Amino acid sequence: MADLQNKVLEKTEKVKCKYGSSCYQKSRDHRKRFHRDDSCPSDEGSDPPLKKQRSNNAKKSARDSETLEMVLSREEAHKIIKEKLGVEMPDCFYEVWEFCRSLNAEQPLDALKSAGLTLVGPYDILAGRFTGKDLSRASCLRHCRYVYDPPEFQTVLQGNKRTGFHIGYFRDDPDSLPVFLASNKAEEGYHISPQGENLFAAIMLYIAGELKSTGSKDPSKAAALKGISKQLKEWLESSKLDIPLENKTKKMKQRDKKMVCKLFHGAGLVVPLDSNDVGYREVPETPGDLRKMLKSVMAAATDAERMQAFEPIQELVTLVQFANDECDYGMGLELGLDLFSFGSEYLHKTILNLLPLAYQFLQRDLFGEIITAHLEDRQKGSKLSVV
């Protein structure tokens with residue numbers, strides 16, 4: 001894996017450096033990515049610290065008034081993302097970045113814009129948008145986090161803002177790499193749809209879906225989608241990367257067998273079980289009955305009515321406490337995530353009583369930190385960037 005990571009920067013076809021002989025960069029990574037005039041500085045010497053170079057002639061991008069070129073090695077990227085977001089990103093995350101740089105070296109975040117997608121979230125770190133910003137830890141964890149994104153979901157692509165469509169990595173444990181990609185339409189609800197094992201598969205599946213819905217209604221859009229699809233396939237072939245592009249891989253099917261329940265959002269819950277199945281007990285209400293309870297809380301006209309409607313839920317919370325005493329930590333996680341998916345602010349206090357503790361018991365502390373930060377400022381819509 002380390003060899004693959006170190007070779008990524010070498011795979012992208014060189015493009016001409018826009019600064020020519022005035023370029024001050026001496027980084028070997030920069031020289032591998034760009035070719036310049038003979039008078040351009042040599043590649044002797046060690047890599048400089050993180051720097052950004054302002055473009056003198058760049059047009060305003062859709063998400064930033066300045067064009068930034070970031071000289072960032074793979075090792076530096078790993079370090080900063082881990083520091084800001086608490087997780088490690090898989091190889092396909094960096095591979096897609098290099099693919100987008102090959103399409104648009106100046107604005108890689110917008111390289112897929114013709115297909116209706118924008119790179120967001122941790123990609124903003126690679127683009128230098130976090131550099132020099134005094135951001136709190138909570139702000140970083142909320143960056144590009146949609147209203148229904150559970151802590152397990154990390155957005156990396158933003159699509160149709162009208163529907164709140166976005167694609168992200170889904171991981172069961174913050175200390176492990178993601179298990180699949182998924183999508184959600186935040187303006188339509190909390191449902192999470194798996195979209196392949198890697199980001200290339202998710203992009204290809206998205207393009208296939210868009211082409212199917214577009215048909216002959218919009219020839220220019222269809223041509224743009226087909227163009228991105230062709231370029232992506234050619235890039236994968238030239239890079240000699242063996243990346244599965246199917247919707248459901250063997251690895252994903254194996255995870256399905258480990259799921260203890262589906263949860264409201266549909267992506268499922270995986271928790272460790274011992275040989276006696278200690279680790280999880282189901283919430284003693286059907287999903288349908290639990291939804292009815294939560295709707296009663298929402299429909300209450302007064303605080304007194306709401307407190308009364310909340311009593312059955314409080315009984316479930318008490319059962320979670322008993323389950324925790326017997327090491328069945330998955331029950332509290334299931335109930336807390338279902339309450340989160342329902343989306344009512346009246347449930348936030350109960351969610352915070354359930355989820356951080358469940359994550360702590362399961363040694364998934366980062367997820368507890370994420371849910372706490374998210375509920376401090378849970379926003380609807382698509383304007384979710386903190387930079």
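Numbers for residues simply follow the sequence, beginning at 1. Treat the numbers as computed from the prediction; the structure is a model and nothing was measured. Values below: every heavy atom of this structure, side chains too, minus hydrogens, waters and symmetry copies.
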Under 4.5 Å side-chain linkage, directly or through intermediates, the cluster mates of [X]:
X: M259; answer: V270
X: V179; answer: F153, F170, F180, I192, M252
X: L205; answer: none

Heavy-atom side-chain contact between [X] and [Y] under 4.5 Å:
X: Q195; Y: Y206; value: no
X: F165; Y: L157; value: no
X: V260; Y: L273; value: yes
X: R142; Y: E376; value: yes
X: K113; Y: L117; value: no
X: Y346; Y: R306; value: yes
X: R145; Y: I370; value: yes
X: S229; Y: K233; value: yes

Pairing of [X] and [Y] as salt bridge, 4.0 angstrom limit:
X: R255; Y: D172; value: yes
X: K221; Y: E210; value: yes
X: K250; Y: E197; value: no
X: D256; Y: K248; value: yes
X: E369; Y: R137; value: yes

If the condition is side-chain hydrogen bond (donor to acceptor under 3.5 Å, both in side chains), which residues does [X] pass it with, not counting sequence neighbours?
X: D173; answer: none
X: D149; answer: T155, H166
X: D289; answer: T286

> Regarding H191 and N184, is there a side-chain donor-to-acceptor distance under 3.5 Å anywhere?
Replying inline: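 The answer is no; no qualifying pair exists.
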> Can a donor-acceptor pair be found between the side chains of Q363 and D365 at a distance below 3.5 Å?
Replying inline: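 On atom types as modelled, these side chains do not qualify, holding no pair under 3.5 Å.
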Answer with yes or no whether the hydrophobic clustering places [X] together with [Y]; edges join I, L, V, M, F, W, Y residues whose side-chain heavy atoms lie under 4.5 Å apart.
X: I167; Y: L384; value: no
X: M307; Y: I313; value: no
X: L119; Y: I207; value: yes

>> Would you call the rings of F264 and Y190 parallel, tilted or perpendicular, taking 30° and 60° as the class edges?
In response: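 Rings of F264 and Y190: parallel, as their planes differ by under 30°.
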Straight-line distance of [X] [atom1] to [Y] [atom2], nearest 0.5 Å:
X: L263; Y: S341; atom1: CG; atom2: OG; value: 7.0 Å
X: L357; Y: L362; atom1: CG; atom2: CG; value: 9.5 Å
X: L225; Y: I203; atom1: CG; atom2: CD1; value: 12.0 Å
X: T118; Y: L112; atom1: OG1; atom2: CG; value: 8.0 Å
X: E282; Y: L319; atom1: CD; atom2: CG; value: 12.0 Å
X: N104; Y: D110; atom1: CG; atom2: CG; value: 7.0 Å

Indicate yes or no for a side-chain donor-acceptor contact from [X] to the backbone of [Y] under 3.5 Å, with no hydrogens or angles considered.
X: E305; Y: A301; answer: yes
X: K257; Y: K253; answer: no
X: S239; Y: L241; answer: no
X: D328; Y: Y280; answer: yes

For [X], look at atom [atom1] and say whether over 12 heavy atoms of other residues, nucleotides or ligands are found less than 6.0 Å away.
X: E237; atom1: CD; value: no
X: Q314; atom1: CD; value: yes
X: K185; atom1: NZ; value: no

> Hey, do the aromatic rings of H374 and F340 have their centres closer than 6.0 Å?
Replying inline: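 Yes, ring centres under 6.0 Å apart.
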Which atom pair, heavy atoms only, marks the closest approach of [X] to [Y]?
X: P122; Y: L85; result: CB-CD1, 3.7 Å
X: L126; Y: A77; result: CD2-CB, 3.5 Å
X: L269; Y: G330; result: CD2-O, 3.8 Å
X: T372; Y: G368; result: OG1-O, 2.8 Å
X: E187; Y: G164; result: CG-N, 3.8 Å
X: G279; Y: V271; result: O-CG2, 4.0 Å

>> Before you tell me yes or no, could you show the steps for Q154 and V87 under side-chain contact (heavy atoms from CB on, under 4.5 Å), namely the whole-Å CA-CA distance, both residues' side-chain angles and the distance that decides it to 0.1 Å?
In response: CA-CA 10 Å; Q154 183 179 35; V87 295; 3.7 Å; yes
> With D274, which residues qualify under side chain to side chain contact (heavy atoms under 4.5 Å, CB included), at least two apart?
Replying inline: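 By the side chain to side chain contact (heavy atoms under 4.5 Å, CB included) rule, D274 matches N276, V278.
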> Hey, mind stepping through I80 and T131 against side-chain contact (heavy atoms from CB on, under 4.5 Å) and telling me if it holds?
Replying inline: CA-CA 10 Å; I80 296 174; T131 303; over 6 Å; no
Residues in ring pair (Phe, Tyr, Trp, His ring centres under 6.0 Å) with [X], at least two apart?
X: F342; result: none
X: H348; result: none
X: F93; result: Y123

>> Between Y146 and Q158, does the side chain to side chain donor-acceptor pair (under 3.5 Å) criterion hold? Intermediate values first, please.
In response: CA-CA 10 Å; Y146 282 74; Q158 184 181 76; 2.9 Å; yes
> Run the side-chain contact (heavy atoms from CB on, under 4.5 Å) check on I228 and S114 step by step: do they pass?
Replying inline: CA-CA 8 Å; I228 292 293; S114 61; 3.6 Å; yes
>> Quick test of your reading: applying ring-ring contact (aromatic ring centres under 6.0 Å, His included), list the pairs with at least one residue in residues 304-337, sequence neighbours left out, ordered by first then second residue.
In response: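 Sorted result for residues 304-337: Y329-F361.
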> Mind checking what makes salt bridge (charged side-chain N to carboxylate O under 4.0 Å, His left out) contact with R378, not counting sequence neighbours?
Replying inline: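 With neighbours one apart ignored, the set is empty.
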>> Quick one, V96 with C100, criterion side-chain contact (heavy atoms from CB on, under 4.5 Å). Give me CA distance, side-chain angles, the key distance, then yes/no.
In response: CA-CA 6 Å; V96 167; C100 289; 4.1 Å; yes
